[in-house]
Protein chains: 2
Amino acid sequence: MTLAAVARTAGVSVSTASLAFSGLGPVSDATRDKVLAAADTLGYSGPDPRARSLRQGRSGVVGMLVENSVIRAFRDPVNVGMVDGVAEVLGDAGAGVLLLTDAPHARSAFDNAAMDGMVLSGCSPLVAELLESLRRRHIPTVLLGSRARPGVPAVDVDNLTATEQLARRLAELGHRQAATVTLPLDAAGTQFVSPALLAGAGGDTAADRLRGFWSVFPTGVALAATDSTVEEGERIGRLLLDRVDRPTAVVAQSDLLAAGVVRAAEGLGLAVPTDLSVVGFDGIELQTFTSHALTTMRQPMQDKGRTAARTVLRLIEGGRPRSVTLDCEFVPGTTIAPPPP
Amino acid sequence: MTLAAVARTAGVSVSTASLAFSGLGPVSDATRDKVLAAADTLGYSGPDPRARSLRQGRSGVVGMLVENSVIRAFRDPVNVGMVDGVAEVLGDAGAGVLLLTDAPHARSAFDNAAMDGMVLSGCSPLVAELLESLRRRHIPTVLLGSRARPGVPAVDVDNLTATEQLARRLAELGHRQAATVTLPLDAAGTQFVSPALLAGAGGDTAADRLRGFWSVFPTGVALAATDSTVEEGERIGRLLLDRVDRPTAVVAQSDLLAAGVVRAAEGLGLAVPTDLSVVGFDGIELQTFTSHALTTMRQPMQDKGRTAARTVLRLIEGGRPRSVTLDCEFVPGTTIAPPPP
DNA sequence: CGATTCGATCGAATCGATTCGAGTACGATA
DNA sequence: TATCGTACTCGAATCGATTCGATCGAATCG
């Protein structure tokens with residue numbers, strides 16, 4: 001069923017039929033009715049999106065990349081929130097969301113799909129490569145959760161300052177011996193993070209949060225997780241708490257990691273916050289994970305997604321939107337206290 | 001940058017350039033090199049997916065619909081697992097996943113996006129309407145988690161039998177007074193579910209699981225949740241446990257709901273499983289939610305997604321794949337015991 | 001040496017719409 | 001009645017590839 005067939009049946013030209021359907025051009029009521037009637041008779045269900053997108057030069061689809069597999073990415077509510085924000089704004093704009101991962105097997109879809117724009121979230125080691133591919137294809141791109149690049153605006157929170165604020169609270173409570181659990185820092189899976197290593201690192205989330213931590217606790221131990229999960233937080237937490245120089249406070253770079261640290265502490269018979277203070281990052285709803293109200297920094301996940309989507313839409317329309325830094329909000333919680341005497 | 005420009009620069013015809021690029025036709029090495037060199041010079045990044053999809057009649061995109069908003073859908077790991085399975089298989093096939101919701105604002109994307117096929121998950125009240133739209137557009141569709149329709153195969157587990165097995169375990173332990181918490185049953189948000197109401201219902205997940213429950217406990221009370229969340233499970237759980245005819249066992253239709261019921265019980269000072277037995281459904285990893293190992297029926301979420309994706313791919317290729325029913329596996333857990341004397 | 005075959009290349013049709021400029025007919029105005 | 005304007009309608013170009021059948025040249029075979 002093509003528009004041509006409908007036009008023939010209705011006894012009008014293809015162009016008129018097109019106008020009648022889209023409701024754009026001046027078409028008499030009689031003609032429009034004829035066309036719609038013919039379409040109905042023939043079971044024509046509207047113009048073929050493929051043809052339309054070729055002609056119009058846009059497909060009405062925006063790609064959204066999340067790190068790792070879908071299942072790993074969406075284990076963290078932060079990613080879910082961001083995708084939700086993106087989907088909401090794009091949906092309102094009549095666009096669809098093509099869900100992509102940086103897994104190797106999804107690469108072909110990434111390279112071959114028709115997309116008008118792209119939201120690249122996370123700081124995958126592949127980002128540079130993917131960006132280059134998108135640049136060659138002239139696909140307007142927005143980074144979500146990493147630093148802007150020339151010609152590629154970014155949407156993020158100020159990770160450094162936010163973490164600094166958290167660390168400062170701990171310092172003000174009297175903590176001198178603090179440690180941190182970072183998000184994955186590099187592809188190599190380094191565990192013990194030294195300042196030297198960080199110097200070479202870029203402006204990733206993990207690196208910025210670590211800088212914020214070190215700006216308050218310059219000698220604090222930093223261990224990197226391999227994933228942002230409760231289990232991994234528990235594992236690293238145990239490593240930290242087993243050290244001879246056991247910290248009195250832990251700054252975890254995500255709430256999931258923080259929940260793991262709390263668990264590790266309780267597993268070792270330490271009370272939170274009396275024996276150990278713990279702060280997280282993200283502000284996801286955690287009642288379901290621990291009985292504590294986690295002290296953390298809430299970041300606006302959905303707003304990040306919405307803003308990224310709006311930014312990419314503006315790019316698609318030819319605008320030159322600027323990068324956006326959104327604000328975090330401190331969540332007091334009940335997992336910090338002065339260090340034990 | 002078009003293929004035509006590349007062909008001109010390389011001094012060959014467009015058709016030859018196309019053959020050289022796709023690597024399909026017989027092209028001499030010399031020619032191929034010339035074409036690729038020209039492409040490189042001009043910064044041509046491969047054929048335009050829009051044009052290609054028009055000509056080939058397929059876009060390399062398969063839609064996947066989840067219920068509610070992204071954030072609500074992905075609060076339940078079951079949906080995440082299914083999307084992961086779908087993404088995995090489609091990725092391997094070189095296809096992309098267009099993530100759609102049944103929210104009103106996403107409708108335009110649903111109707112206008114170029115898709116070769118569609119996986120409709122859940123039992124949204126809109127399913128009938130969406131199916132009709134897809135039928136008119138001749139988009140091959142697979143249902144995931146609801147009953148097959150004429151011409152539309154489905155992938156699901158045997159919800160009735162699986163729930164029956166769970167209920168039977170409870171009966172065998174001596175329970176006579178059991179209640180159930182169902183997933184949302186209808187758009188109206190009915191809370192107290194009567195057999196009469198169920199008779200009119202279709203073959204939805206919630207209805208089938210309820211039938212399984214009633215086939216063992218014909219007089220058991222059934223309350224419907226409005227959502228599959230821990231909070232909602234706790235709310236309904238309290239309602240059930242406040243009744244004068246307090247049940248000694250609760251069959252929750254999802255693990256999240258079950259976790260909520262466990263919480264409600266503990267909140268009322270009841271011990272699980274001594275005072276109250278609770279079973280769930282799904283087999284998601286719940287260590288993070290309760291200290292109990294939930295007794296439940298594990299359903300293969302990712303496999304459901306994978307199977308649905310394979311089925312839709314077969315449909316796209318013109319095959320006539322059959323509906324598939326996957327198996328569940330009983331997870332003993334520690335939340336059931338004989339009823340208190 | 002002529003006929004046959006095969007590999008490489010090309011031209012042109014095609015996918016299904018959108019869109020622009022041109023054209024037509026009708027009614028209104030002077 | 002002639003002219004102008006308005007409201008519709010149409011034809012044709014275009015988007016950027018893929019693909020089929022035809023052609024051409026060289027190599028192989030009898």
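The basis for the numbers below is simple: all heavy atoms, side chains too, and nothing from hydrogens, waters or symmetry mates. Protein chains get the first letters and strands the later ones, always in sequence-line order, with residue 1 at the start of each.
For A:Ser28 and D:dT9, the shortest distance from a side-chain N or O to OP1 or OP2 is below 4.0 Å. Between C:dT18 and A:Ser18, a contact under 4.0 Å exists linking OP1 or OP2 to a side-chain N or O. OP1 or OP2 of D:dT9 sits under 4.0 Å from a side-chain N or O of A:Thr31. For B:Arg52 and D:dT18, the shortest distance from a side-chain N or O to OP1 or OP2 is below 4.0 Å.
Among the nucleotides D:dC8, D:dA17, C:dT19, the one closest to any side-chain atom of A:Pro26 is D:dC8. Closest contact between the side chain of B:Leu54 and the listed nucleotides C:dT18, C:dG16, D:dC8 involves C:dG16. Set against D:dG16, C:dT9, C:dA17, the side chain of B:Val27 has C:dT9 as its closest nucleotide. Ranking C:dT19, D:dT18, D:dT19 by closeness to the A:Ser15 side chain, first place goes to C:dT19. With C:dC10, D:dC10, D:dA17 as the choices, the nucleotide that has an atom nearest any side-chain atom of B:Ala51 turns out to be D:dA17. Ranking D:dT19, D:dA17, C:dT18 by closeness to the A:Val14 side chain, first place goes to C:dT18.
Note on B:Asp156 versus B:Lys304: salt bridge recorded, some NZ/NE/NH1/NH2 to OD/OE distance being below 4.0 Å. A salt bridge is absent between A:Asp84 and A:Arg306; no separation between the charged side-chain nitrogens and carboxylate oxygens falls under 4.0 Å. Ion pair B:Arg55/B:Asp48 not flagged as a salt bridge, since none of the NZ, NE, NH1 or NH2 atoms sits closer than 4.0 Å to an Asp/Glu carboxylate oxygen.
At a threshold of 4.0 angstrom between heavy atoms, the contacts of B:Phe21 with the nucleic acid are absent.
Put simply, CG on B:Leu24 is 13 Å from C1' on D:dA17, counting in whole angstrom units. Here C:dC10 presents its P atom at 14 Å from CZ of B:Arg8, a figure rounded to the nearest Å. Rounded to whole Å, the distance from CG on A:Asp29 to P on D:dA7 is 13 Å. B:Arg50 has its CZ atom 13 Å from the P atom of D:dC15, to the nearest Å. The distance between atom NE2 of B:His138 and atom P of C:dG16, rounded to the nearest whole Å, is 13 Å. Distance B:Leu3 CG to D:dT18 C1': 10 Å, rounded to the nearest Å. The separation between B:Lys34 atom NZ and C:dT9 atom C1' is 10 Å, rounded to whole Å. Rounded to a whole Å, the CG atom of A:Asp48 is 13 Å from the C1' atom of C:dT18.
When only modelled atom types and interatomic distance are considered, B:Thr16 and B:Ser13 share a side-chain donor-acceptor pair under 3.5 Å. Looking at B:Ser28 and B:Thr31, their side chains do bring a donor and an acceptor atom within 3.5 Å of each other.
Judged by atom type and distance alone, A:Ser13 does not reach the base of D:dG11 through any side-chain donor-acceptor pair under 3.5 Å.
When each of B:Gln56 and B:Thr16 is assigned the nucleotide of DNA chain C with its nearest heavy atom, B:Thr16 is the one assigned upstream, toward the 5' end.
Remark: D:dA13 base-pairs with C:dT18. Criterion, Watson-Crick or G-U wobble with two distances under 3.5 Å.
Checking B:Val152, B:Leu65, B:Asp111, B:Leu120 one by one against B:Leu134, the side chain to side chain contact (heavy atoms under 4.5 Å, CB included) holds for a single residue, B:Leu120.
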